[in-house]
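Note on naming: letters A, B, ... go to the chains in the order of the sequence lines (proteins, then strands), and numbering restarts at 1 for each one.
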Amino acid sequence: MKYFGKKLVSLIITLFMVSVATFIAFQIIPGDVVTSILGTEATEEREAQLREELGLDKPVVERYVNWMGGVLKGDLGTSYRYSKSMNEMMPVAELIGDKLPVTLWLAAIALVLIIVISIPLGVLWAHSSSKFLDAFLGVMTQGAMAVPSFFLGVLVIYIFGIVMKMFTPGSYISYHTSFAGFLGYLIFPAIAIAIPKIAMTARFLRNAMLGELKQDYVRTAYSKGCSKNRVMYGHVLKNAMMPVITFVGMIIAEVVAGSIVVEQVFSLPGIGRLLISSISTRDFPVVEILVLYIAFVVIFVYFIVDMLYRVLDPRISGR
Amino acid sequence: MIKIEDLSVSFQGRTAVEHVSFSIEPGEIIGIVGESGSGKSVTALTLMGLLAEQASVDSGRVTFDDTVLLEAGRSIDKRLLQKFQGSRMSMVFQEPMTSLNPTMKVGKQVEEVLQLHTELKGEEARKKVLSIFDEVGLKNSDMVYESYPHQLSGGMRQRVMIAMALILEPELIIADEPTTALDVTIQAQIIALLKEINKRHHNAMLFITHDLNLAKTLASKIMVMHHGQIVETGTPEEIFTNPQDDYTKMLISAVPQRKKRTCNNAAQRNQKSSAAKGLKSFEEDEDNRKSIAEQIIENLQNVEKEHQEQCVQNGSREILRVSDLDVFYKEGNNSLFGGKKKKQVVNGADFSIYEGEVLGLVGESGCGKTSLSRAILGLNQNYSGQIQHFTERPQMIFQDPYSSLNPAKTIGWLLEEPLRVQKVGKDDRKQAAMEMLAKIGLDETYYRRKPSELSGGQRQRISIGQALITRPHFVIADEPVSALDVTIQAQIMDLMMNLKEEMGLSYLFISHDINIVYQISDRIMVMKDGTIIEMGETEELFSNPREEYTKILLA
């Protein structure tokens, strides 16, 4: 319980520092939201009026405190750029709420692919004594890790969309229209995200297992009369999973925080694209919340990894 | 019962075992004795069918009753071996911490043997495991069953290993250095347990060790291995009283013996007892430990004073004085809010070291002997009490010659390093290094070699050279020979003795092995749980130990 308390306090402190850093960064980078909205031709009066509307005429500290107060009350603010109707700006919560499911579902599908494929692949790789398979997987995973993700995205579109005609590129179906169609379209960007991660995880697991196989307890297991399968699945796998969990945790954080490049290539309206466009239009309220979201996801996933360790490795919980 | 005929094993062309033949009869305990690399472990692993994949059996075969388990030129039948492994023959390994799966409850690990070879399941299997735990002397067998390896002590882990090996009452148990990683007092218990098991179950035992004395206490037959060959076989009496082979003779002479020593400074001093008086109760009386400890300390202080007076009379200079020393270390807490805990590791140490004297410090792992030396060296500033150096700071000789030398540098560079710190000129440095090489018994060609080209004994010579090149008066040696083979140990001990006479050194000699300390020390301190519980002239302490604990160490 004390442990949870500590974790919670450090989470809050980290989020606070991230929010301040983002706020300061926005003060420093050149470019002004007012000029970006009105263009360079606007009159000074119009500019001043807009500045007042957005609250930009107030001192920096006051603006931060107002914004923070709003966030703490659950009001995430309104976007500077996205409008809901003719005379109402889009609330940030609504804006992100609309795009978040796309990223989360994309991440979920990608993660299922990563875990379901990479772990058996890694075990098979460590297990096999076939030199051919070893060399083959070595080359394949190296290739998959080396190819940049945008190119992989293009490749997936070409193979699955144009050659095999399994989906129509660019025909994103919103989850409001058809959920099944939405998921069906997301599978392909998810493949593009998953391929390099599968390669990395499988390779990592294989190396961890080969390392574990050199340990003394493996010899003990054989001396009891265990078969190779039993040694692999009964003894080695669990120990080898320890470092892999950390690694998968890093991947999860990365994927859930948004796969900017892949969303761009497949023109998905997810968090990653929103972040890019908001930064370029200096839409501060949106960027600030997105950065906080990413920071939160990363910290939260690491927290879960930490918990998993405690469950799986008795040496840690014992301390 | 088991026959090994003309067995040869090699690893990628390098022969590890050469034409070894012997047989094991039911109920017999055979000791295989040899130094590292002699092929004793490889022989055992071959017998068990646990050879690594790179190994190849070049000749010979292993038969168990009438079954051929292994034969040169035939592929290994893993199914057949798995039937024998764990049920008819089993193995106890050296390092019980790493030999048990760290993330599996030890009860489950023992139960796995039952799952593999019997029909026992569930509650029945558990009962059987608990009863075997009782038999190997594990108290609270329920609790042990549910424990993970890291929650048990070294001795308990080794008992779990033995339980695992014993549970199906195999005809043969192979024990590969089962006590080497354990403290002396635990060693004795494990050896007694193995003996008892052998008596009760009449299973044959193959006991592998580097320690001739240990083999003598346990085995009915001893085989001495050297360079992959069995050089001599015989009963312990035959081996010890009438060794035939030269290597065996050397091995026996290298074993630390408590022979009467001639010529030491202690003999010149008054032989009067300086051991702490009449305080045997430290062990028994849990409640009053603190006051008893204080009493011991006070007595020892008196002893020290006497010793000091004598030394001053003899004209010996005091080199180091430690008074009323408590050493602590901080248990770090890396989180943002964690406080630091202080843990006391040395309690009221009080002693002096005089010119030309060797003071031995004996104790088991975790007793605080290394913490004491670190405080004296100034590496741990977290202490109370006084440490007075009357000469320059002491130099240090470390335990592990494999990891304490920088592998990227040449021997010459390493030897010169302490002088470089002192800004000695280049030519003088080189000359000093050359002289030191001669002193430590290595020729000039070693100047340009790298540590990886040297054997363990040669590396330890370099460590000694590094410590002595600044011509210190006082050297702390922390387990300087523990990582070395027996014959090499003897050479290094000789070297240290000679250098001491030649350079007029004083040593604080730290070891867990009281027999090694005996060879070199004028006085000995015995340390337990952070307190020096006994201190005395070497001969006096050996012939007339006061504390129960010292007696156990001497046994």
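Of the two parts of Met97(B), neither the backbone nor the side chain holds a non-hydrogen atom closer than 4.5 Å to a non-hydrogen atom of chain A. With a 4.5 Å cut-off on non-hydrogen atoms, Leu45(B) touches chain A through its side chain but not through its backbone.
Under a cut-off of 6.0 angstrom, the local environment of CZ in Phe136(A) is sparse, with at most 12 non-hydrogen atoms contributed by other residues, nucleotides or ligands. Within 6.0 Å of NZ on Lys3(B) lie no more than 12 heavy atoms contributed by other residues, nucleotides or ligands. Residue Leu210(A) places its CG atom among more than 12 non-hydrogen atoms of other residues, nucleotides or ligands, all under 6.0 Å distant. Counting non-hydrogen atoms of neighbouring residues, nucleotides and ligands closer than 6.0 angstrom, the CD atom of Glu62(A) exceeds 12 such neighbours. Counting heavy-atom neighbours within 6.0 Å of Met307(A) CE, excluding the residue itself, gives a total above 12. No more than 12 heavy-atom neighbours from other residues, nucleotides or ligands sit within 6.0 angstrom of NZ on Lys83(B).
For the options Lys105(B), Met104(B), Glu112(B), heavy-atom pairs under 4.5 Å to chain A are most numerous at Glu112(B). Listed options Val113(B), Leu116(B), Leu81(B) were ranked by heavy-atom pairs under 4.5 angstrom with chain A; first place goes to Leu116(B).
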Exercise. Please assess Ser223(A) against Gln85(B) for the test side chain to side chain contact (heavy atoms under 4.5 Å, CB included), listing each intermediate value before the final yes or no.
Key: CA-CA 5 Å; Ser223(A) 84; Gln85(B) 287 165 341; 5.7 Å; no

Practice problem: Run the numbers on Asn101(B) and Gln215(A) for side chain to side chain contact (heavy atoms under 4.5 Å, CB included), then give the verdict. | Solution: CA-CA 9 Å; Asn101(B) 186 339; Gln215(A) 299 290 321; over 6 Å; no

Quiz item: Do Tyr222(A) and Leu50(B) pass the side chain to side chain contact (heavy atoms under 4.5 Å, CB included) test, and can you show the C-alpha distance, the side-chain angles, and the key distance before you say yes or no?
Solution: CA-CA 7 Å; Tyr222(A) 278 125; Leu50(B) 292 176; 3.5 Å; yes

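The backbone N or O of Asp216(A) lies less than 3.5 Å from no partner atom in the side chain of Ser99(B), so there is not a single donor-acceptor pair. Judged by distance alone, the side chain of Lys78(B) and the main-chain N or O of Ser227(A) form no donor-acceptor pair under 3.5 Å.
Contact check for Tyr148(B) versus Arg315(A): no side-chain heavy atoms found under the 4.5 Å cut-off. At a threshold of 4.5 Å between non-hydrogen side-chain atoms, the residues Lys224(A) and Gln109(B) count as touching. Residues Phe93(B) and Thr220(A) are in side-chain contact: their nearest non-hydrogen atoms beyond the backbone lie under 4.5 Å apart.
Counted by atom type alone, Asp313(A) and Thr103(B) present zero donor-acceptor pairs between their side chains at under 3.5 Å. Of the N and O atoms on the side chains of Gln82(B) and Arg230(A), not one donor lies less than 3.5 Å from an acceptor on the other residue.
The heavy-atom pair separating Pro102(B) from Pro314(A) by the smallest distance is O-CG, 3.6 Å.
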